[in-house]
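Data block below; observations after.
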Amino acid sequence: VQLQAYGGGLVQPGGSLRLSCAASGSIFSVMGWYRQAPGKQRELVAVITSGGRTNYADSVKDRFTISRDNAKKTVYLQMNSLKPEDTAVYYCNAVIATNNRSYWGQGTQVTVSS
């Protein structure tokens with residue numbers, strides 16, 4: 001199983017970014033995004049099931065949207081109205097449908113700063 005994340009970068013407050021994570025090697029039940037800011041624990045941002053059910057952290061509701069393309073085994077995170085506190089390394093995660101094993105991508109840096 002491999003997960004490759006794309007799309008991080010530097011953006012001004014109020015701006016937008018779109019993260020993508022392409023997975024390979026299996027069929028995944030849940031895919032999602034987590035983030036880790038310096039000095040803090042990794043936290044859930046958003047997850048989505050193969051059927052399209054979603055769950056978001058309260059801090060990103062109404063600003064971020066998670067989606068996935070099951071045929072491409074790709075999960076996306078559209079981030080709007082970004083705030084400095086969204087600055088973190090964002091990691092994609094995928095859970096294999098048959099055995100619930102969890103895999104992580106390499107992380108992509110998102111920096112929100114003027």
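Quick note: numbers below take in every heavy atom, side chains included, and nothing from hydrogens, waters or symmetry partners. When a residue number appears, it is its place in the shown sequence, counting from 1.
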Contacts of type side chain to side chain donor-acceptor pair (under 3.5 Å), residue [X], not counting sequence neighbours:
X    : value
Q109 : T111
K83  : none
E43  : R35

For Y76, is the NZ or CZ atom of R18 found under 6.0 angstrom from the centre of its six-membered ring and inside 45 degrees of the ring axis?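 Here R18 passes the 6.0 Å and 45° test against Y76.
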Looking at every non-hydrogen atom in both residues, tell me the closest pair between [X] and [Y] and how far apart they are.
X    : Y   : answer
S26  : V1  : CB-CG2, 4.2 Å
T65  : Y56 : CA-OH, 3.4 Å
L17  : G7  : CD2-O, 3.9 Å
S102 : N93 : OG-ND2, 2.7 Å

Roughly how far, to the nearest 0.5 Å, is the [atom2] atom of [Y] from the [atom1] atom of [X]?
X   : Y   : atom1 : atom2 : result
I66 : M79 : CD1   : CE    : 11.5 Å
S67 : I48 : OG    : CD1   : 6.5 Å
W33 : L19 : CH2   : CG    : 4.5 Å
S20 : R68 : OG    : CZ    : 14.0 Å
S59 : L44 : OG    : CG    : 9.5 Å

May I ask whether [X] and [Y] are part of the same hydrophobic cluster, defined by side-chain heavy atoms of I, L, V, M, F, W, Y residues being less than 4.5 angstrom apart, directly or through others?
X   : Y   : result
F64 : V30 : no
V11 : L77 : yes
V60 : V47 : no

Please list all pairs passing the salt bridge (charged side-chain N to carboxylate O under 4.0 Å, His left out) test where one or both residues lie in residues 98-110, with sequence neighbours left out. none
Restricting to pairs with a member in residues 20-34, which pass salt bridge (charged side-chain N to carboxylate O under 4.0 Å, His left out), not counting sequence neighbours?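 Sorted pair list comes back empty.
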Give a yes or no on this: more than 12 heavy atoms of other residues, nucleotides or ligands lie within 6.0 Å of atom CD of E85.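 Count over threshold, so yes.
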For Q2, look at atom CD and say whether over 12 heavy atoms of other residues, nucleotides or ligands are found less than 6.0 Å away. no
With disulfide bond (SG atoms under 2.5 Å apart) as the rule and sequence neighbours excluded, what pairs involving residues 47-77 come up?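 Disulfide bond (SG atoms under 2.5 Å apart) check on residues 47-77 returns no pairs.
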Does anything in residues 5-109 pair up under disulfide bond (SG atoms under 2.5 Å apart), and if so which pairs, sequence neighbours excluded? C21-C92
Quick one: does T74's side chain have a donor or acceptor within less than 3.5 Å of a partner on K72's backbone?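 Yes, because the side chain of T74 sits within donor-acceptor range (under 3.5 Å) of the backbone of K72.
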Main chain of V95, side chain of S29: is a donor-acceptor contact present, judged purely on distance under 3.5 Å? yes
Between the side chains of N80 and S16, does any donor sit under 3.5 Å from an acceptor?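 Yes, a side-chain donor-acceptor pair sits under 3.5 Å.
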Any donor-acceptor N or O pair under 3.5 Å, side chains N55, R53: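 Absent: no donor and acceptor within the cut-off.
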Partners passing side chain to side chain contact (heavy atoms under 4.5 Å, CB included) against A23 (at least two apart in sequence or in another chain):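 Side chain to side chain contact (heavy atoms under 4.5 Å, CB included) check on A23 returns L3, F28, M31, K73.
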How would you list, by chain and number, every residue that makes a side chain to side chain contact (heavy atoms under 4.5 Å, CB included) with R42, sequence neighbours excluded?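 Expected list: Y34, Q36, Y91, W104.
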Tell me every residue that passes salt bridge (charged side-chain N to carboxylate O under 4.0 Å, His left out) with R63, counting only those two or more places apart in sequence or in another chain.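 Here the qualifying residues are D86.
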Pairing residues for D62 by the salt bridge (charged side-chain N to carboxylate O under 4.0 Å, His left out) criterion, not counting sequence neighbours: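 Residues passing salt bridge (charged side-chain N to carboxylate O under 4.0 Å, His left out) with D62: none at all.
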Would you say that P84 contacts P13 through its side chain, given a criterion of any heavy-atom pair below 4.5 Å between the two side chains? yes
Please go through I27's hydrophobic cluster and name the other residues, only I, L, V, M, F, W, Y counting, with side-chain heavy atoms under 4.5 Å joining them. none
